[in-house]
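Below is one structure, written out as structure tokens; the observations come after it.
Numbers for residues simply follow the sequence, beginning at 1.
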Amino acid sequence: MKQSDQSPLMRRKSSTQHYQTFNNIAPPKSRGQPLSDSANSSSNDLSTDAHDEAHHESPLPKRQMAILAVIALCEQTALNSISPYLPEMASTFPEVNAGQVGVYVGTIASAFALAQLCTNFFWGWLSDHIGRKPVILTGTILTAACFVAFGFCRTLWQAVLVQALMGVVNGNQGVVSTCLGEITDRSNQSKAFTYLPVIYGLGGITGPVLGGLLVFPNNPFKPSQPNPYPYLFPNLVSAAVLLIDFGLAMIFLEESLEEAEDLPPLGKRVENLFTWMWQFTSSTRPSYLRKASKKSVRNTEDLEDEPSDDESDGGPHMPQLLPNVDSDLKKKDVFNRDTILLLVTYLIFQLSNISFNSLYPIFAQADAPTGRNLDPEEIGLSLGFAGVVTILFQVGIFGKLRDKMGNRWAYRAGLGLFVIAYLLMPFVGYKKEDDGKSGLSSGVAWLWVEICVVLLIKTVAAVGGLTSALLLITNSAPNHHVLGTLNGLAQTLSAAGRAAGPFLSGGLFTVATKVRPKGEALAFGVFGGIAFIGFLLSFGIRSAELEAEGWETDSDSVSDKSDEEDEA
């Protein structure tokens with residue numbers, strides 16, 4: 001529907017059009033951020049310019065955004081704190097040989113990703129049924145416990161097991177995105193989601209600093225003796241960060257799932273759960289079963305005039321543990337063409353991003369002519385440049401670009417820029433003229449210029465594409481009843497990319513070292529081709545309902561009309 005088809009007054013009053021709806025399905029009871037009261041102030045106010053009314057922006061829920069940012073930052077800081085010392089930690093395990101450290105580091109890291117692949121969907125689904133806050137609190141406290149256990153690991157199997165458990169209990173990233181989608185609406189969600197990748201970028205800086213500085217090879221109380229658990233202290237600090245996160249979330253985080261608002265407080269629900277479990281294990285006929293059996297044989301009208309079952313049978317009152325979710329959604333309403341293509345391309349996007357992050361350090365460190373023979377300090381400096389670009393681009397540039405391009409074109413641009421970055425990287429120059437003849441140039445200055453340009457393209461692709469993907473996934477949900485499930489499924493696909501990317505990219509580069517000339521182009525070219533497939537598939541995502549409020553083009557109107565004619 002075009003904007004002109006609906007009066008400004010109706011658009012201002014409605015708070016339920018923010019999410020995509022389908023035929024014969026009631027709009028969701030979206031809590032969102034309340035619209036301004038100015039809509040009801042006076043008739044003179046309502047007679048203002050229609051363009052300004054149509055683009056009215058709801059105020060950002062800054063308090064809840066702040067606590068969600070704290071949750072995301074604390075978690076990313078803790079998770080990223082492992083990477084600096086993990087290779088050294090793996091080398092101390094008795095099962096690991098000196099030449100196999102890289103393989104086992106990948107094994108430990110992949111255990112976390114594979115576990116998330118199996119459970120992220122479950123956590124998203126569970127948040128749709130019991131609320132967002134209980135899932136976030138559960139994931140935070142259990143992740144803190146896993147960090148404590150990881151600090152005591154002294155063998156390879158222990159490290160793999162603990163990392164797998166950490167992946168099983170941690171599904172907060174998708175739930176945080178779900179909360180952000182529920183407390184905002186189409187008019188202000190772009191600003192809110194812009195800052196989420198910035199938080200992840202900050203966590204990528206604070207985490208490695210925490211983990212790298214707090215390792216003590218020697219006993220801090222007896223410096224002359226080796227420390228039996230040199231990696232315990234950074235893990236204890238990470239657990240402490242998560243405990244602070246848990247306390248702040250317990251106090252300040254508000255439940256964003258509307259159906260869960262009618263339930264008792266979280267503490268009372270936990271008490272009810274233990275009561276339910278006690279009756280289930282100790283009673284031959286629990287009160288809730290007696291209550292259910294009586295309801296099945298009585299007429300509903302008769303129950304209105306009679307005392308409650310709990311009073312008549314003397315059994316304890318069992319308040320509701322789960323919210324009532326009444327939804328007439330069908331499978332085809334949730335997994336329509338746009339949603340399926342979005343999830344498939346999101347898998348390709350994450351695979352492309354993770355594979356590039358794995359390939360670049362290997363390529364930069366490898367000897368010429370396949371690699372570029374950079375030192376670890378030089379690689380770290382280049383990655384630091386990418387981190388700075390991430391923050392600057394998100395804060396200063398992306399919002400304006402997205403407003404002009406829209407969510408779909410920004411997402412397509414991200415996939416397209418990945419293709420360009422993959423094609424350019426194997427052709428950056430060499431440090432010395434005699435290292436190779438197949439680069440674009442030679443010399444340290446030109447090498448740095450070319451690497452920075454390629455990393456700039458890749459960073460813009462990753463950050464802009466990720467933000468647009470989160471917005472598209474949020475807007476693809478028919479209502480909030482399935483928003484957590486969709487975000488959980490998206491994070492499951494992300495975990496699949498994180499698990500497969502390092503192994504596939506590392507294996508391809510190993511093969512590339514035996515190919516002459518330009519063997520390095522093999523690995524980059526393969527993943528560039530995969531990104532190009534995702535770029536082409538992204539053009540199938542056509543629904544204008546995925547855009548922010550007030551964003552529409554003539555082509556969208558034509559596309560929507562053609563879609564309606566096809567459905568008719």
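N407 and S468 form no side-chain donor-acceptor contact under 3.5 Å, judged by distance and modelled atom types alone. Using modelled atom types, one finds a donor on one side chain and an acceptor on the other under 3.5 Å when comparing S382 with Y360. Side-chain contact of S538 with T345: a donor-acceptor pair under 3.5 Å is absent, judged by distance alone. Inspection of the D338 and S476 side chains reveals no N or O donor paired with an N or O acceptor under 3.5 Å. When only modelled atom types and interatomic distance are considered, Y85 and N235 share a side-chain donor-acceptor pair under 3.5 Å. In this structure, a donor-acceptor pair under 3.5 Å is absent between the side chains of Y422 and S352. For T178 and N487, the side-chain atoms include at least one donor-acceptor pair closer than 3.5 Å.
Under the rule for a side chain to side chain donor-acceptor pair (under 3.5 Å), T194 has no partner lying at least two apart in sequence or in another chain.
By the 30° and 60° cut-offs, the orientation of the rings of Y346 relative to F349 is parallel.
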Quiz prompt | CA sep, side-chain torsions, deciding dist, call: F93, I108, side-chain contact (heavy atoms from CB on, under 4.5 Å) | solution = CA-CA 12 Å; F93 296 151; I108 295 172; 4.0 Å; yes
Self-check item: Stepwise side-chain contact (heavy atoms from CB on, under 4.5 Å) check, F398 with V463
Solution: CA-CA 9 Å; F398 174 74; V463 177; over 6 Å; no
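At a threshold of 4.0 Å, the pair E254-K133 does not count as salt-bridged, since none of the basic side-chain nitrogens sits closer than that to a carboxylate oxygen.
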Donor-acceptor pairs are to be reported for all side-chain atoms of residues 526-537 against protein atoms at under 3.5 Å, with residues two or more places apart or in another chain.
none

